[in-house]
S.K.: 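I have a structure I would like to understand better, so I am pasting it below and will then ask my questions one at a time.
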Amino acid sequence: MNPKTILSISVFMLIFLSRSVGQDTTDIMKQLEKEMGKSEKEQTFYTTSTFKTTRLVSGHSVENTGKRVMDVKISHRFEKLNEGSYSLFGLDEARMRFGFDYGITDNLMAGFGRSTYQKTYDVFMKLRILRQSRGKKNMPFTLSYVPTFALRTLRVNVPGISNDFTSCASYTHQLIIGRKFSDNTSLQIMPSYVHRHLITLNTDPDDVFAIGIGGRQKLTRRISLNAEYYYQVTRHQLAGTNNLLSIGFDLETGGHVFQLHFTNSQAMNESNFIAGTSGKWGKGDILFGFNISRVFTLGKKH
Amino acid sequence: MLKRFVILNFLILVLASAALAPVLFYNVNSGSISFRSDAPMELIKASSSQLKGIFDAAKKQFAFSVNIRTFSGFNSPLQLEHFNENYLESDKYPRAVFEGKIIEDIDFNKDGLYYIRAKGNLTVHGVVQERIIKCELDIKDKVVSVKSNFTVLLAEHNITIPKVVHEKLASEIKVEVKAVMKEK
């Protein structure tokens with residue numbers, strides 16, 4: 001054998017040897033990778049932060065308030081932009097709602113609020129039935145049920161309209177099916193049913209069915225673009241009403257979420273904005289609004 | 001001449017097999033990792049008991065990892081959410097890893113307390129940093145108990161803190177690792 005060949009074999013073997021006892025941790029990393037994969041399959045990882053807060057714009061998102069967390073919400077909807085500069089594009093006047101949401105468990109929250117729009121009180125509950133997760137329990141989407149009760153306390157002096165309890169009450173039932181598709185993109189659909197006793201015209205329906213669709217696209221880590229649209233499926237919708245369309249931004253800073261948006265409804269409770277929106281985007285009946293959400297952790301720390 | 005090379009190669013072979021022969025792996029049986037952020041206005045603590053790791057005694061190599069989503073604790077659910085969403089971005093960077101080699105030579109068959117240094121790459125938030133981390137090994141009947149305290153600078157791992165939370169979040173996070181390793 002040629003000494004040169006032997007030398008090169010020696011060198012090759014030396015390199016091989018030094019490699020195998022050196023810093024190269026590829027083998028051990030492969031083993032660890034396997035072990036991590038195995039342990040991750042034995043656990044359930046729930047999807048979090050599908051949306052930044054429990055509301056998309058006016059309507060509910062698929063998000064729940066954390067357990068023992070109180071979310072104080074203050075919302076405003078100004079007047080229509082097309083009122084022009086005389087009323088500073090609607091900013092002269094506003095409808096306001098304040099509300100308190102509370103997480104009873106991780107999957108059940110309840111809340112109430114009062115809105116200056118028709119002096120309406122509302123109470124709701126949000127129950128998360130299925131939760132998007134991966135790992136041991138694989139669930140592609142989250143499903144929530146949200147019943148809402150609203151009571152108008154504004155007295156109207158219109159003949160034929162009574163101001164008694166049943167006439168002023170309205171009920172909304174919503175299912176929310178939502179999915180976080182990626183870190184940045186979440187979508188949800190909201191089949192909704194609104195029932196009211198108070199009807200002004202004979203042709204007005206007691207019941208309205210609507211399908212909502214909404215979503216968010218994160219623009220930066222702390223800012224997202226949101227939109228929601230409720231399409232009234234019912235043949236007979238309330239006279240003079242339109243479908244709700246809202247587009248807005250979520251800005252998150254520490255414990256606050258600021259939501260700034262444009263919408264065609266002044267109402268901030270379900271029965272009114274799903275089945276009673278009078279504004280029309282095409283005509284410029286767009287109004288500016290905002291929600292401020294501030295969360296407080298009550299009770300024992302986790 | 002030829003003979004010498006043959007002998008040299010033979011020696012290398014023997015050496016190589018000697019170095020590779022006693023394949024002795026230790027696996028993390030139970031491992032926990034906890035961290036605390038001690039800021040002027042707030043103390044935040046969280047931990048995970050899902051620390052996994054492997055140690056190859058022959059090569060003196062180790063690799064440890066934890067899934068970021070397994071951390072719990074915190075002062076509020078929102079804090080946990082921000083931890084995953086805004087700071088660690090755990091959907092993008094699901095695991096933290098420390099892999100490398102032990103500097104000191106120790107006899108794992110001999111019971112006792114050893115203070116060693118582990119040199120390797122620490123990956124947090126997708127950013128790799130070369131680190132030398134001191135560890136305490138307590139060996140008893142071939143069971144190795146590992147304990148280590150070290151710090152992680154958020155800035156070194158590209159984790160930025162907004163100005164408003166400077167008083168509530170420390171820039172240097174104290175980490176404690178505890179693991180019991182047994183022969184595989």
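A quick note: this is a predicted structure, and the numbers were derived from the prediction, not measured. Sequence lines set the chain letters: A, B, ... in the order given, protein chains first and strands last, and positions in each chain run from 1.
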S.K.: Does one side chain, of B/Asn27 or A/Glu35, offer a donor that lies under 3.5 Å from an acceptor on the other?
M.R.: yes
S.K.: What I'd like to find out is whether the side chain of B/Val97 reaches to under 4.5 Å of the side chain of A/Met29, using heavy atoms alone.
M.R.: yes
S.K.: Against chain B, label A/Lys38 side chain, backbone, both or neither, depending on which of its atoms sit under 4.5 Å from a heavy atom there.
M.R.: neither
S.K.: Go through the atoms of B/Lys60 and report whether side chain, backbone, both or neither lie under 4.5 Å from a heavy atom of chain A.
M.R.: neither
S.K.: Heavy atoms only: give me the nearest A/Gly37-B/Arg95 pair and the separation to one decimal.
M.R.: N-NH2, 3.9 Å
S.K.: Walk me through it: do A/Thr48 and B/Arg69 pass the test side-chain hydrogen bond (donor to acceptor under 3.5 Å, both in side chains)?
M.R.: CA-CA 10 Å; A/Thr48 57; B/Arg69 286 258 171 198; 2.8 Å; yes
S.K.: Could you measure the distance from the OG1 atom of A/Thr297 to the CG atom of B/Leu78? Nearest 0.5 Å is fine.
M.R.: 7.0 Å
S.K.: Counting only non-hydrogen atoms closer than 4.5 Å, can you tell me which residues of residues 40-47 of chain A sit against chain B?
M.R.: A/Glu40, A/Gln43, A/Phe45, A/Tyr46
S.K.: Between A/Met36 and B/Asn67, which heavy-atom pair has the shortest distance, and what is it?
M.R.: CE-N, 3.6 Å
S.K.: Of the backbone (N, CA, C, O) and the side chain (C-beta and beyond), which part of A/Lys218 lies under 4.5 Å from a heavy atom of chain B, both, or neither?
M.R.: side chain
S.K.: Enumerate by number any residue of residues 152-177 of chain B whose heavy atoms lie under 4.5 Å from heavy atoms of chain A; in the absence of such residues, state 'none'.
M.R.: B/Thr160, B/Pro162
S.K.: Quick check: under 4.5 Å, non-hydrogen atoms only, which of residues 131-140 of chain A neighbour chain B?
M.R.: A/Arg134
S.K.: Calculate, to the nearest 0.5 Å, the distance between atoms CD and CD1 belonging to A/Glu33 and B/Ile54 respectively.
M.R.: 10.0 Å
S.K.: Could you tell me which residues in residues 79-91 of chain B have at least one non-hydrogen atom under 4.5 Å from a non-hydrogen atom of chain A, sorted by residue number?
M.R.: B/Glu81, B/His82, B/Glu85, B/Asn86, B/Tyr87, B/Glu89, B/Asp91
S.K.: Establish, from distance only, whether the side-chain atoms of A/Gln31 and B/Lys184 form a donor-acceptor pair under 3.5 Å.
M.R.: yes
S.K.: Which distance, rounded to the nearest 0.5 Å, do you find between the NZ of B/Lys52 and the OG of A/Ser39?
M.R.: 5.0 Å
S.K.: Report the C-alpha distance between A/Ile28 and B/Glu99 in whole Å, list the side-chain angles of each, state the deciding distance to 0.1 Å, and finish with yes or no for side chain to side chain contact (heavy atoms under 4.5 Å, CB included).
M.R.: CA-CA 9 Å; A/Ile28 204 166; B/Glu99 38 127 356; 5.8 Å; no
S.K.: Taking all non-hydrogen atoms of both residues, which atom of B/Ser65 and which atom of A/Leu32 are closest, and how far apart?
M.R.: CB-CD2, 3.6 Å
